[in-house]
Amino acid sequence: MDTRVTEFHCIMPIGNVPSVMEHGILSYERAAKLQHHSVAMRAIQDRRDQKQVPGGLRLHQYANLYFHARNPMLYKRQDEVRELCVLRVSTRVCEVQGAVLTDCNASSDYVRFLHPSQWKLLDFDDIYSMDWRHPGDPAAYYRHRSRKCAEVLVPHHVQAQFLTGAYVVD
């Protein structure tokens, strides 16, 4: 994999960490069965609810991780950062049977679902860029914003053994 990929990220409220230590990072479907706080945006979740990974599960049956948490989702939650953390997840999670990579936000109409061996198809320059804005070029902006949210999808849950740490604001 690209040398910039040293870990994956999961953005969540700090208050969910005890549950994650017990149950792992859960799919949206499994998390709905437990009491928890969510940073999920309703409109995006409605889109995700309609998606199926070709040859795989429904999107809400995967635990989703980002390649890079410095992305539009975290930007939208910047007023809440003191209550959030970014969990650090080992890249070994790609070895889980059924893991899938996406080249952009999995809810996108233009997403490609890839086997982990197809990682070379990802645009790591866009994923790891510091800025996704493209003044004067709305098409480039929307395309880049989606690529910044490239994901790793893990069936049902990410076991706590894959957690390597967390980032917090303070």
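The model shown is predicted, which means the values in this text are computed figures rather than measured ones. Both backbone and side-chain heavy atoms feed into the values below; hydrogens, waters and symmetry mates do not. Sequential numbering from 1 along the given sequence is applied to the chain's residues.
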Does the side chain to side chain contact (heavy atoms under 4.5 Å, CB included) test come out yes or no for Asn64 and Val152, once each step is laid out? CA-CA 6 Å; Asn64 61 304; Val152 177; over 6 Å; no
Does any N or O in the side chain of His134 come within less than 3.5 Å of the main-chain N or O of Tyr141, such that one atom is a donor and the other an acceptor? no
So OH of Tyr75 and SG of Cys149: to nearest 0.5 Å the spacing works out to 13.5 Å
ask   = What orientation do His60 and Tyr28 show, parallel under 30°, tilted 30 to 60°, or perpendicular over 60°?
value = parallel
Are Ser146 and Tyr110 side-chain neighbours, meaning at least one heavy-atom pair lies under 4.5 Å? no
- Query: Mind checking whether Ile25 and Leu84 sit in one hydrophobic cluster, side chains of I, L, V, M, F, W, Y counted as touching below 4.5 Å?
  - Reply: no
Residues Lys51 and Asp109: closest non-hydrogen pair is NZ-CA, 4.1 Å
Tested for side-chain hydrogen bond (donor to acceptor under 3.5 Å, both in side chains) against Asp126, the lone hit among Arg145, Lys148, Arg147 is Arg147
Inspect the surroundings of CD in Gln35 and state if more than 12 heavy atoms from other residues, nucleotides or ligands are less than 6.0 Å away. no
To the nearest 0.5 Å, atom CZ of Arg77 lies from atom CD of Glu80 at 5.0 Å
Taken in chain and number order and not counting sequence neighbours, the residues that satisfy ring pair (Phe, Tyr, Trp, His ring centres under 6.0 Å) with Tyr62 are none
Exercise. Got a donor-acceptor contact below 3.5 angstrom from the His115 side chain to the Ser117 backbone?
Worked result: yes
field: Pairwise side-chain contact, Leu122 with Ile127, heavy-atom cut-off 4.5 Å (strictly under)
entry: yes
Applied to residues 57-68, the salt bridge (Lys or Arg N to Asp or Glu O under 4.0 Å) test, sequence neighbours excluded, yields Glu29-Arg58
ask   = Under the salt bridge (charged side-chain N to carboxylate O under 4.0 Å, His left out) criterion, do Asp137 and Arg143 qualify, and how do the steps go?
value = CA-CA 10 Å; Asp137 190 345; Arg143 187 171 42 252; 5.3 Å; no
Taking every heavy atom of Arg70 against every heavy atom of Asp131, the minimum-distance pair comes out as NH1-N, 4.2 Å
**Request:** Show your reasoning for whether side chain to side chain contact (heavy atoms under 4.5 Å, CB included) applies to Leu26 and Val20.
**Result:** CA-CA 8 Å; Leu26 302 177; Val20 169; over 6 Å; no
Those residues at least two apart in sequence (or on a different chain) that pass ring pair (Phe, Tyr, Trp, His ring centres under 6.0 Å) with Tyr128 are His68
Do any side-chain atoms of residues 162-170 form donor-acceptor pairs under 3.5 angstrom with protein atoms, and if so which ones, sequence neighbours left out?
residue	atom	partner	partner atom	Å
Thr164	OG1	Arg88	O	3.4
Tyr167	OH	Glu7	OE2	2.7
Tyr167	OH	Arg88	NE	3.3

Same apolar cluster: Val53 and Leu114, side chain cutoff 4.5 Å: no
**Message:** Is the distance from the ring center of Phe8 to that of Tyr66 below 6.0 Å?
**Reply:** no
Contacts of Thr6 meeting side-chain hydrogen bond (donor to acceptor under 3.5 Å, both in side chains) (sequence neighbours excluded), chain-then-number -> none
Would Ile14 and Met21 show up in the same hydrophobic cluster when neighbours are defined by side-chain heavy atoms closer than 4.5 Å? no
Treating Ile, Leu, Val, Met, Phe, Trp and Tyr as nodes and any side-chain heavy-atom pair under 4.5 angstrom as an edge, say whether Leu57 and Val158 lie in one connected cluster.
no
Common cluster, Val89/Val17, ILVMFWY with side-chain heavy-atom separation under 4.5 Å: yes
Start with the C-alpha distance between Val86 and Cys10, add both sets of side-chain angles, then the distance that settles side chain to side chain contact (heavy atoms under 4.5 Å, CB included), and finish with yes or no. CA-CA 5 Å; Val86 174; Cys10 182; over 6 Å; no
Q. Relative to the ring of Phe124, is the ring of Trp119 parallel (under 30°), tilted (30 to 60°) or perpendicular (over 60°)?
A. tilted
inquiry  = Between Leu59 and Gln52, does the side chain to side chain contact (heavy atoms under 4.5 Å, CB included) criterion hold? Intermediate values first, please.
reply    = CA-CA 5 Å; Leu59 202 47; Gln52 172 102 22; over 6 Å; no
Sequence neighbours left out, cut at 3.5 Å: what donor-acceptor pairs do the side chains of residues 94-106 make with other protein atoms?
residue	atom	partner	partner atom	Å
Thr102	OG1	Cys104	O	2.6
Thr102	OG1	Glu151	N	2.9
Asp103	OD1	Arg112	N	2.8
Asp103	OD2	Arg112	NE	3.0
Asn105	OD1	Ser107	N	2.8
Asn105	OD1	Ser107	OG	2.7

Could you check whether Ser129 and His144, counting side-chain N and O atoms only, form a donor-acceptor pair closer than 3.5 Å?
yes
